[in-house]
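A quick write-up on the structure given underneath.
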Amino acid sequence: MKFLRHLAAVMLVVAVVVVGGLAWEHFGASTLAGGFRGPVKVVNVPGGLLKGLPPGTAVAVRPGPHGPVVVRDSGGMSLGLDSMFQAVNLPVLWNAVEIEAGVIAAVVILDIARRRLRRFLRTRRLQAGGSVD
Amino acid sequence: MTSELRAAPAAGRRRRIAARTRLDFWFDAVLLVAYTLAYSYGFTGIGIHEWLGLGIGLALLIHLTLHWDWVIRTTGRLLRPRGPDKLIWLVNLALLGAMTLCVLSGILISRVALPYLGINLTQIGPFWSRAHTLTAEVTLGLVPVHVALRWRWIVRIGRRLLTRPVAGRSR
């Protein structure tokens, strides 16, 4: 029961963020997508018509009367798992791991340094005869 | 007899807390690995990227729900001059916003998962593609900070969970 109550509260907070995101897109889309105005129309073509393409591939982008039109292969019922875990792309994963490890190491070092500095200052204050706080 | 009755719920509570700590540790570890894989779009391919992203979206709801008590407690203490966890609270708030927008924009620009589920969003502007890239980069910076700010807890629990207890020694 408590879990469901908390889940409802979380859903509410997430809904607020979603509404914020939609409002951003509605009122300030140019802040991110400066060059483009208005929506892009996407036309999904059944996978059978465009053979040999991974699902989701955009095969044509052409100007339309109401903005650009993207024609893409919807891939039928494919789960899109045919392009997964290619060893040649392993550096992409290492890149992400390196960034994460680097940031974690930096934060940990800063935290240790901060605690040591605080301990050092407290010891010095105690030796000088002052109070701790 | 009375002390035994009193001790039983206490022991149960201890076991529950331990189980909950174990759940938090492993759930968060899996979430971190899944996030790293999902971020590495070029490695996983679009299919895994999108399905993993949807899974992470649901897992984040559970993660936040499991820690909702902490959110309430820390938010209540924010106005105190020496309130703890202020930095962690701010990082977590930024991460909540960035991660939610990342999953939302990912859903909106989905090319595999949503069409597979029979949902075709055909009027999506370039805003959401850019928003997805931007929020993904922000989360890549914030996720390790979020993890590292709890490094003492991770090391302490990790040591207890990953090392076998020495025979004949009680903890």
Side-chain angles (χ1 to χ4, degrees), chain A residues 3 5-7 9-11 13-14 17-18 20-22 24-25 29-33 35-44 54-58 67 72 74-75 77-86 89-97 99-108 111, chain B residues 32 35-37 39-51 57 60-69 71-72 96-97 99-101 103-105 108 110-113 115-116 120-131 134-135 140-145 147-149 151-152:
Chain A
F3 182 85
R5 222 175 41 237
H6 286 186
L7 182 63
V10 168
M11 297 288 273
V13 172
V14 168
V17 179
V18 168
L22 294 173
W24 185 15
E25 195 253 351
S30 59
T31 53
L32 268 190
F36 295 95
R37 297 239 176 258
V40 174
K41 186 165 176 55
V42 180
V43 179
N44 285 307
T57 305
R72 73 180 181 197
S74 67
M77 293 297 280
S78 168
L79 275 166
L81 303 181
D82 45 352
S83 62
M84 64 184 209
F85 302 142
Q86 304 287 340
N89 296 322
L90 210 52
V92 178
L93 178 66
W94 289 134
N95 182 44
V97 172
I99 292 171
E100 286 182 347
V103 175
I104 288 174
V107 173
V108 169
D111 185 49
Chain B
L32 178 65
Y35 168 78
T36 309
L37 274 174
Y39 181 84
S40 310
Y41 166 70
F43 173 64
T44 58
I46 189 162
I48 293 283
H49 173 77
E50 289 192 7
W51 290 111
L60 283 174
L61 290 177
I62 296 170
H63 176 79
L64 202 53
T65 305
L66 289 173
H67 296 284
W68 192 248
D69 279 328
V71 174
I72 298 295
L96 168 71
M99 203 64 112
T100 305
L101 289 179
V103 174
L104 171 70
S105 54
L108 291 175
S110 167
R111 290 183 287 166
V112 175
Y116 180 80
N120 282 297
L121 303 170
T122 55
Q123 288 288 326
I124 298 302
F127 172 85
W128 291 111
S129 296
R130 306 246 172 117
L134 176 72
T135 51
L140 185 68
L142 289 175
V143 164
V145 175
V147 173
L149 286 171
W151 73 273
R152 286 172 200 277

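Lettering of chains follows the sequences in order, A, B, ..., and the numbering in each one begins at 1. Excluded from the calculations below are hydrogen atoms, water molecules and symmetry mates; all remaining heavy atoms, backbone and side chain alike, are included.
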Segment of B:Val147 engaging chain A (4.5 angstrom heavy-atom cut-off): side chain
A:Trp24 portion near chain B, given a 4.5 angstrom heavy-atom threshold: both
Toward chain A, the part of B:Leu104 with a non-hydrogen atom under 4.5 Å: side chain
Residues that B:Thr100 engages under side chain to side chain donor-acceptor pair (under 3.5 Å), provided they are two or more places apart: none
By salt bridge (Lys or Arg N to Asp or Glu O under 4.0 Å) - contacts of B:Asp69 (at least two apart): A:Lys2
Beyond-backbone contact of A:Val92 with B:Tyr41, side-chain heavy atoms, under 4.5 angstrom: no
Residue part contacting chain A, namely of B:Leu149, when any heavy atom lies under 4.5 Å: both
Aromatic plane relationship, B:Trp68 with A:His6 - under 30° parallel, 30 to 60° tilted, over 60° perpendicular: tilted
Options A:Val108, A:Val103, A:Val13, ranked by heavy-atom pairs under 4.5 Å with chain B, top entry: A:Val108
Distance-minimising heavy-atom pair for B:Arg111 and B:Glu50: N-OE2, 2.8 Å
